[in-house]
Amino acid sequence: MIPMNEAVRIVTDSVTALETTTVPLMDALGHTLADPVVSDINMPPFEKATMDGYAVVGADVAFATKSDPVALEVVEEIRAGSVPTKTVQSGSASRIMTGAPMPEGADTVVMVEDTETENGQVRILEPTATGQNWVPLGEDVRTGDTVLTAPRRIRSPEIGIMAAVGVTEVPVYRRPVVGVVATGDEIVEPDDVPAPGQIRNSNGYSMAAQVLRAEGQSSYMGIAGDTVEDLQRVMQEGLDTCDVLLLSGGVSAGVYDLVQGVMRDLGIEVLFDRIKMKPGKPLTFGVCGQKLVFGLPGNPVSSLVGLEMLVRPALKKMQAVVDCHRPRVTATLEASFSQTPGREQFVPAFTEFVDGSWTTRWVGHHGSADLFSIADANSLFVVGTDQAEVAAGAQVDVVLLTEW
Ligand code: AMP
Ligand code: MG
């Protein structure tokens, strides 16, 4: 039996980033950018008005007031998307819209709010300092500038930046294809009504969902019975078609817990099979070349926790995510919590930020088969291996499962 941090290290050390590929910009959200992005244009690409108003010679309007307005002749109207054709000189102005190019000769934009118009003339009613209300060409970015470094997670701003510099096919790390298999003679699909002795396959579906949350591509492979033949067939198919294979069930010490034996039969090198963690002590991990195989415990809470703590970092690292772990915070424990020492416990909890600090409370699940209380959990607080009791008010380490 190995400690949890050792298990995490073994898993993440077994992972290398997958190859890169390209995806259309609209599909790039959440991927890891694989190459730096360089701008093909200046931004803004021209001298651009930032207000609706009048483009003028600054010296004309520096001292305008309501009682002593400055009258200027309006020579043209410049809309966003059009190109100015007239030069502005002392005594004249061009009506200009936000985002439109500045006309030759003008060095200032007077906001429309500071003006009134009459018979083709504009009267400037307030002073405006020279240089106001427009931005120079290339102020934000110059042609050839690196606008995004890599690797980095593609979020909404990165999407906008790539659109702005004309990148429509985005270089990204390929997403891992993750085969999901439920094992057990008693397991039936959700659209069946379980006969006596049967239970519905919840893990297959929650696992596939967790894979999606880790930006993996889940491939649901159905239910395998507790036979060597069935497990061999499905595992071989998983190794042939997937980067990662997740199995639920069949990893404890029962007579029909055959997963580990079949893994070895297929040449999968088992790197550990027991972790000093709760829930989910029996968790088997093996590698076959670059492929990873996880035998997760059948109990739903154990499966959920094991996947978040061990599989998710692997899926993230395959996509070159540097910070591949769930974020942690320190929180105040609302009520005392006790355990039998010997394993590090990850307790399903509700954690919130109130009045300037984090607080956390156990959601009150009764064991690793209790899927239903877990719907209240948004986090896991950690109880150390040797701790028998954590007092109310103590500071505990919390793994945040935001969006799981
Ligand atoms: P096992 O690890 O195969 O001994 O399974 C442990 C417990 O988890 C048993 O009560 C199983 O019925 C249950 N279980 C196993 N697989 C699933 C599954 N796919 N969905 C829900 N419960 C499961
Ligand atoms: Mg089983």
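Just so you know, ligand 1 is whichever comes first in the structure, and atom 1 is the first atom listed for that ligand. Computation of the quantities below employed the complete heavy-atom set of this structure, encompassing side-chain atoms and omitting hydrogens, waters and symmetry-equivalent molecules.
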What residue and heavy atom of the protein are closest to [atom], and at what distance?
| atom | result |
| --- | --- |
| atom 14 (N) of ligand 1 | Gly298 O, 3.2 Å |
| atom 21 (C) of ligand 1 | Ser202 OG, 3.3 Å |
| atom 18 (C) of ligand 1 | Asn203 ND2, 3.3 Å |
| atom 19 (N) of ligand 1 | Asn201 OD1, 2.9 Å |

Going by the atom numbers of ligand 1, which of them fall below 4.0 Å from some non-hydrogen atom of [X]?
| X | value |
| --- | --- |
| Glu186 | 11 (C), 12 (O) |
| Ala182 | 19 (N) |
| Arg200 | 20 (N), 21 (C) |

Option whose closest heavy atom lies nearest to atom 6 (C) of ligand 1, chosen from Asn299, Val259, Val301 | Asn299

Go through the side-chain N and O atoms of [X] and [Y] and say whether any donor and acceptor fall under 3.5 Å apart.
| X | Y | value |
| --- | --- | --- |
| Asp230 | Thr227 | no |
| Glu189 | Tyr205 | yes |
| Thr50 | Asn133 | no |
| Thr332 | Gln395 | yes |

When you check the gap from the basic side-chain N to the acidic O, do Glu344 and Lys278 get nearer than 4.0 Å?
-> no

Flag the pair Asp243 and Arg175 as a salt bridge only when some basic side-chain nitrogen lies within less than 4.0 angstrom of an acidic carboxylate oxygen.
-> no

Distance-only N or O hit between ligand 1 and Gly250, under 3.5 Å | yes

Applying salt bridge (charged side-chain N to carboxylate O under 4.0 Å, His left out), which residue pairs with at least one partner in residues 253-275 are found, sequence neighbours left out?
-> none

Determine, using heavy atoms of Ser252 and all atoms of ligand 1, whether some pair is separated by less than 4.0 Å.
-> yes

Would you check whether Gly254 reaches within less than 4.0 Å of ligand 1, judged by its heavy atoms?
-> no

Can you tell which part of Ile199 has a heavy atom less than 4.0 Å from ligand 1: side chain, backbone, both or neither?
-> side chain

At under 4.0 Å between heavy atoms, which part of Ile187 makes contact with ligand 1: side chain, backbone, both or neither?
-> side chain

Plane angle bin for Phe285 and Phe294 - parallel if under 30°, tilted between 30 and 60°, otherwise perpendicular = tilted

Short question: side chain of Lys66, backbone of Leu125 - any donor-acceptor pair under 3.5 Å?
-> no

